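From a predicted model like this one, the values you see are computed outputs, not experimental measurements.
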Amino acid sequence: MPDDRNVARALLDRQSRTYAEEAGIALADRPGPLYQLLVLTTLLSTRIRASVAVAAARELFTAGYRTPQAMEAATWQDRVDALGRGHYRRYDERTATMLGTGARLCLGRWHGDLRRLHKEAGADRAVLRRLLTEFPGIGPTGADIFLREAQSVWPDVRPYADRRTLAGAKRLGLPASPGELVGLVGEADFGRLASALVRVALGEESAGEVSRSAATAH
């Protein structure tokens, strides 16, 4: 039987990209990429398939809405149309409104720079989560999504494992605690592991296939 470290490595071999990377976001601790992650988080927070949310985010970014300034300047219909091209149906009109409101909040309170939000919260995850949930459409689950992805560029947040991350770990028979999970891959790769475990929890990746891959490598 493969050990936990081999299972974690097999999963990373099969699912090496975070959701941010899949959406075309070159995540970095800079205003543009952090805002793009906020947009992706807003889209992922509705009851819609992750693949559709990622596709819709790519359409918004292709249309040029990569900054809160550009998102606010776009018309409501422009945002609806971009979401529609990503097949983000049913929630498109409501989400277009939330993206506009969220862009204004980002500009008004944080001057378009979510590093200011990070700095205000310090190392307090509870404060980070509370500040993130002030954005329309982002509740506790959305705050978890943002921080799970942002930990790749915000080291003080690591290791961040939300409920879905731990559910994926459980399906693979891996430890269900962030401290033990980070020991399997190291801090630098933990954001990728967390994202990959979510894919297992959501059924986007097969736990059985990962285990077989680990056994073969072993």
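- Hydrophobic clustering of Ile, Leu, Val, Met, Phe, Trp and Tyr side chains at less than 4.5 Å, counting indirect connections, unites Val185 with Leu172.
- A heavy-atom distance below 4.5 Å is found between the side chains of Leu114 and Cys106.
- Annotation for Leu184 and Ala8: closest pair CB-CB, 4.0 Å, computed over non-hydrogen atoms.
- By the criterion of side-chain heavy atoms lying less than 4.5 angstrom apart, applied directly or through intervening Ile, Leu, Val, Met, Phe, Trp or Tyr residues, Leu37 is grouped together with Phe61 in one hydrophobic cluster.
- The distance from the CD atom of Glu149 to the OG atom of Ser195 is 4.5 Å, given to the nearest 0.5 Å.
- Side chains of Ser152 and Arg192 form no contact here, defined as non-hydrogen atoms less than 4.5 Å apart.
- Looking at Asp144 and Arg163, their side chains never come closer than 4.5 Å, going by heavy atoms from C-beta outward.
- Separation of the Trp154 and Phe146 ring centroids falls under the 6.0 Å cut-off.
- Val80 has its side chain out of reach of Leu83: every pair of non-hydrogen atoms, C-beta onward, lies at least 4.5 Å apart.
- Both Phe190 and Val7 are members of a single hydrophobic cluster when ILVMFWY side chains are connected at heavy-atom separations under 4.5 Å.
- In the hydrophobic clustering of this structure, Tyr160 does not group with Val182; members are Ile, Leu, Val, Met, Phe, Trp, Tyr whose side-chain heavy atoms approach within less than 4.5 Å, directly or through other members.
- Under a 3.5 Å cut-off, the side chain of Arg66 and the backbone N or O of Gln36 do not form any donor-acceptor pair.
- Minimum interatomic distance between Pro33 and Ile25 (heavy atoms only, all atoms of both residues): O-CG2, 3.9 Å.
- In this structure, the side chains of Leu60 and Leu99 come closer than 4.5 Å at one or more pairs of heavy atoms.
- Atom CZ in Arg14 sits 5.5 Å away from atom CD in Glu209 (nearest 0.5 Å).
- The backbone N or O of Ala74 sits nowhere less than 3.5 Å from a side-chain atom of Tyr65 that would complete a donor-acceptor pair.
- Within a 6.0 Å sphere centred on CZ of Arg30, other residues, nucleotides and ligands contribute 12 heavy atoms or fewer.
- A heavy-atom distance below 4.5 Å is not found between the side chains of Tyr19 and Ile145.
- Across every non-hydrogen atom of Gly122 and Asp156, the tightest pair is O-OD2, 3.8 Å.
- Distance CG/Leu132 to NE2/His118: 10.5 Å, rounded to 0.5 Å.
- Between Leu193 atom CG and Arg148 atom CZ the span is 11.5 Å, to the nearest 0.5 Å.
- Under the 4.0 Å criterion applied to side-chain N and carboxylate O atoms, Lys119 and Asp113 are not assigned as salt-bridge partners.
- Between Leu117 and Phe135 there is a side-chain heavy-atom pair separated by less than 4.5 Å.
- Val210 has its side chain out of reach of Arg199: every pair of non-hydrogen atoms, C-beta onward, lies at least 4.5 Å apart.
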Worksheet item: Does the side-chain contact (heavy atoms from CB on, under 4.5 Å) test come out yes or no for His87 and Ile48, once each step is laid out?
Response: CA-CA 10 Å; His87 304 290; Ile48 203 161; over 6 Å; no
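- With rounding to the nearest 0.5 Å, the separation of CZ in Arg9 from OG in Ser213 is 15.0 Å.
- For the residue pair Arg158 and Gln151, no side-chain donor N or O sits within less than 3.5 Å of a side-chain acceptor on the partner.
- Side-chain atoms of Thr46 do not come within 3.5 Å of backbone N or O of Thr42 as any donor-acceptor pair.
- In terms of heavy atoms, Gly112 sits closest to Pro68 at CA-CG, 3.9 Å.
- Criterion: ILVMFWY side-chain heavy atoms under 4.5 Å apart, direct or through other members. Under it, Val39 and Met98 are not part of a common hydrophobic cluster.
- Summarising the local packing, CZ of Arg109 is surrounded by more than 12 heavy atoms from other residues, nucleotides or ligands at distances under 6.0 Å.
- Going from atom CG of Leu40 over to atom OH of Tyr35 covers 12.0 Å, rounded to the nearest 0.5 Å.
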Item to complete: Might you work through the side-chain contact (heavy atoms from CB on, under 4.5 Å) test for Glu21 and Leu27, ending with a clear yes or no?
Response: CA-CA 7 Å; Glu21 288 172 330; Leu27 197 56; over 6 Å; no
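- Residues Ala121 and Leu131 share a closest heavy-atom pair of CB-CD1, 4.2 Å.
- The neighbour count for Arg89 CZ, taken as heavy atoms of other residues, nucleotides or ligands under 6.0 Å away, is above 12.
- Not a single donor-acceptor pair under 3.5 Å links the side chain of Glu59 to the backbone N or O of Gly86.
- Here the closest heavy-atom approach between residue Gly24 and residue Arg58 is recorded as N-NH1, 3.4 Å.
- Paired with Leu197 under the rule side-chain contact (heavy atoms from CB on, under 4.5 Å), one option of Thr165, Leu202, Asp162 passes, and it is Thr165.
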Discussion item. Would Val127 and Arg130 count as a side-chain contact (heavy atoms from CB on, under 4.5 Å) here? Give the steps.
Written reply: CA-CA 5 Å; Val127 176; Arg130 178 176 58 76; 3.8 Å; yes
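- Salt bridge absent: Arg79 and Asp92 never bring a charged side-chain N and a carboxylate O closer than 4.0 Å.
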